[in-house]
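Chain naming here is simple, since letters A, B, ... match the order of the sequence lines and numbering starts at 1 in each. Just the heavy atoms: all of them, side chains too, but no hydrogens, waters or symmetry mates, feed the values below.
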Protein chains: 2
Amino acid sequence: MQELVDRLKAISDMTRLKIFKLILEQEFSVCELARLLSISQPAVSQHLRRLKAVGLAEEERRGQWIYYKGCQKELVSLTKQLASFFADPIDSIEGFSDIVTLLANRASLDAECTNQKEL
Amino acid sequence: MQELVDRLKAISDMTRLKIFKLILEQEFSVCELARLLSISQPAVSQHLRRLKAVGLAEEERRGQWIYYKGCQKELVSLTKQLASFFADPIDSIEGFSDIVTLLANRASLDAECTNQKEL
DNA sequence: TCGATACATAAGCATATAATTAAATTATAG
DNA sequence: CTATAATTTAATTATATGCTTATGTATCGA
């Protein structure tokens with residue numbers, strides 16, 4: 001579940017989302033991306049690092065340049081992760097164990113919220 | 001495109017993602033969510049406000065309590081938005097117009113990055 | 001009307017994020 | 001080997017985020 005959040009965070013930034021879309025279409029060097037997005041090269045580098053960290057981008061050095069491309073496969077994987085998260089029952093999702101326990105008897109949960117609710 | 005980013009941001013936080021999943025399954029009062037997540041009531045309130053702001057949550061007051069539920073419909077909409085974003089050609093996505101212009105002749109883009117690349 | 005409960009809003013604080021400039025790497029060309 | 005170019009990493013800064021505590025608002029019951 002943490003991985004899903006990390007990946008969502010990776011694409012929920014306007015600049016990174018644009019970068020990701022661009023490198024999914026074709027390869028780009030860091031310099032080219034900086035020009036396209038009108039931001040500094042280090043900024044692009046750092047965004048690419050984050051995309052790479054969650055598996056959404058790959059780099060390939062060719063001579064002086066490093067070309068980045070988006071991972072279609074991991075995009076599909078992310079999409080599926082997201083779909084599963086919402087489709088699966090809560091008690092089958094890791095990260096909800098504590099919550100599921102509390103949820104098990106909602107009566108006592110309610111009782112903790114008020115002492116009149118169920119009267 | 002900004003809307004997509006806003007919606008992605010709304011669910012790319014561990015706590016909000018949990019809240020969203022919970023209220024998609026069934027209604028919960030703010031107090032109940034606070035108990036389930038072991039965070040303060042105002043914290044829950046603020047997360048719910050963000051989810052509501054992007055249409056992913058709805059509230060319904062019943063007496064003293066306000067019950068929140070997730071919007072299945074808007075979840076589907078978000079999923080589609082995301083799928084379209086990656087499926088559509090770049091020049092059909094609003095927000096890429098400046099980039100598309102630059103991309104139009106990549107030769108000059110490359111030239112800006114180096115004076116030797118194409119030699 | 002008064003007191004208690006549920007929720008929202010405001011204020012404050014610590015941390016995360018996204019950008020920039022500057023310095024360190026890595027690779028090519030001579 | 002040295003100079004130059006592309007990239008990364010580091011340092012800095014401004015802003016956003018998420019949480020808490022404190023305060024305000026609304027509903028219910030006595």
Side-chain angles (χ1 to χ4, degrees), chain A residues 2 5-20 23 27-54 57-69 109-119, chain B residues 2 5-20 23 27-54 57-69 109-119:
Chain A
Q2 186 59 55
V5 168
D6 289 340
R7 291 180 146 199
L8 287 175
K9 272 193 208 291
I11 61 167
S12 49
D13 169 82
M14 181 62 83
T15 305
R16 269 197 306 275
L17 188 59
K18 284 179 181 171
I19 291 179
F20 188 39
I23 63 178
E27 293 182 334
F28 286 98
S29 69
V30 179
C31 176
E32 288 169 331
L33 290 171
R35 295 277 177 182
L36 287 173
L37 299 164
S38 306
I39 58 176
S40 69
Q41 197 185 52
V44 173
S45 221
Q46 286 157 24
H47 283 307
L48 288 168
R49 191 203 299 171
R50 283 198 64 167
L51 288 173
K52 211 174 52 177
V54 295
E58 288 175 340
E59 61 179 294
E60 181 188 326
R61 172 151 231 149
R62 281 207 297 278
Q64 223 162 345
W65 298 275
I66 300 180
Y67 289 90
Y68 282 85
K69 63 180 170 190
L109 173 69
D110 289 343
E112 280 186 70
C113 283
T114 176
N115 44 21
Q116 328 178 52
K117 190 165 177 183
E118 308 297 336
L119 303 184
Chain B
Q2 187 57 55
V5 168
D6 289 340
R7 289 180 147 198
L8 287 175
K9 272 191 207 293
I11 61 167
S12 48
D13 168 81
M14 181 60 83
T15 305
R16 268 196 306 276
L17 188 59
K18 284 180 182 172
I19 291 178
F20 187 38
I23 63 178
E27 295 182 333
F28 284 99
S29 69
V30 178
C31 174
E32 288 170 332
L33 290 171
R35 297 278 176 179
L36 286 173
L37 299 164
S38 306
I39 59 177
S40 69
Q41 172 260 315
V44 173
S45 231
Q46 286 158 23
H47 284 306
L48 287 168
R49 191 203 300 169
R50 283 200 63 168
L51 289 173
K52 210 174 54 176
V54 294
E58 290 174 339
E59 62 180 292
E60 181 189 326
R61 173 152 231 148
R62 282 208 296 279
Q64 222 163 346
W65 298 274
I66 300 181
Y67 289 91
Y68 281 85
K69 62 180 172 191
L109 173 68
D110 288 343
E112 280 185 70
C113 282
T114 177
N115 45 21
Q116 326 178 54
K117 189 163 175 184
E118 308 297 336
L119 303 183

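- Rounded to whole Å, the distance from CZ on B/R61 to C1' on D/dT25 is 9 Å.
- Under the salt bridge (charged side-chain N to carboxylate O under 4.0 Å, His left out) criterion, the residue pairs touching residues 34-54 of chain A are A/R35-B/E112, A/K52-A/E59, with sequence neighbours excluded.
- Between the P atom of D/dT8 and the CD atom of A/E59 lies a distance of 6 Å, rounded to the nearest Å.
- The phosphate of D/dT9 (OP1 or OP2) has a side-chain N or O of A/R49 nearer than 4.0 angstrom.
- Distance, A/I66 CD1 to C/dT28 C1': 14 Å, rounded to whole Å.
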Distance-only check: which donor-acceptor pairs under 3.5 Å involve side-chain atoms of residues 10-20 of chain B, not counting sequence neighbours?
from  : atom 1 : to    : atom 2 : distance (Å)
B/S12 : OG     : A/S12 : OG     : 3.0
B/S12 : OG     : B/L8  : O      : 2.8
B/S12 : OG     : B/K9  : O      : 3.4
B/D13 : OD2    : B/T15 : N      : 3.1
B/D13 : OD2    : B/R16 : N      : 3.0
B/R16 : NE     : B/A10 : O      : 2.7
B/R16 : NH1    : B/H47 : ND1    : 3.1
B/R16 : NH2    : B/K9  : O      : 3.2

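- Considering all non-hydrogen atoms of both residues, B/S45 and B/V30 come closest at N-CG1, 4.3 Å.
- Across B/R62 and B/E60, no two heavy atoms sit closer than the pair NH1-OE2, 3.2 Å.
- Summary of the strand contacts: A/G63 and B/V30 both lie near DNA chain C, and taking for each the nucleotide with the nearest heavy atom, the more 5' one is attributed to B/V30.
- Following rounding to the nearest Å, A/M14 (CE) and C/dA18 (P) show an atom-to-atom distance of 12 Å.
- For D/dT7, neither phosphate oxygen OP1 nor OP2 lies less than 4.0 angstrom from any side-chain nitrogen or oxygen of A/Y67.
- Atom P of nucleotide C/dT17 and atom CG of A/L8 are separated by 14 Å, given to the nearest angstrom.
- Residues meeting the side chain to side chain donor-acceptor pair (under 3.5 Å) test with B/Q41, sequence neighbours left out: none.
- Across all non-hydrogen atoms, the minimal contact from B/Y67 to B/S29 is CD2-N, 3.7 Å.
- Per the geometry, CD1 belonging to A/I19 stands 16 Å off P belonging to C/dT17, to the nearest Å.
- Distances were taken from every side-chain heavy atom of A/C31 (C-beta onward) to each of D/dT7, D/dC28, D/dT8; the shortest belongs to D/dT7.
- A 4.5 Å side-chain heavy-atom check between A/L48 and A/I66 finds every atom pair outside the cut-off.
- In this structure, B/Y68 does not reach the C/dA6 phosphate: none of its side-chain N or O atoms is under 4.0 Å from OP1 or OP2.
- Computed from coordinates, the B/Q64 CD to C/dC7 P distance equals 8 Å when rounded to whole Å.
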Just by protein heavy atoms under 4.0 Å, how would nucleotides 13-21 of chain D read 5' to 3' in B, S and -? ----SSBBB
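- Rounded to an integer number of Å, the gap from CD of A/E60 to C1' of D/dA6 is 16 Å.
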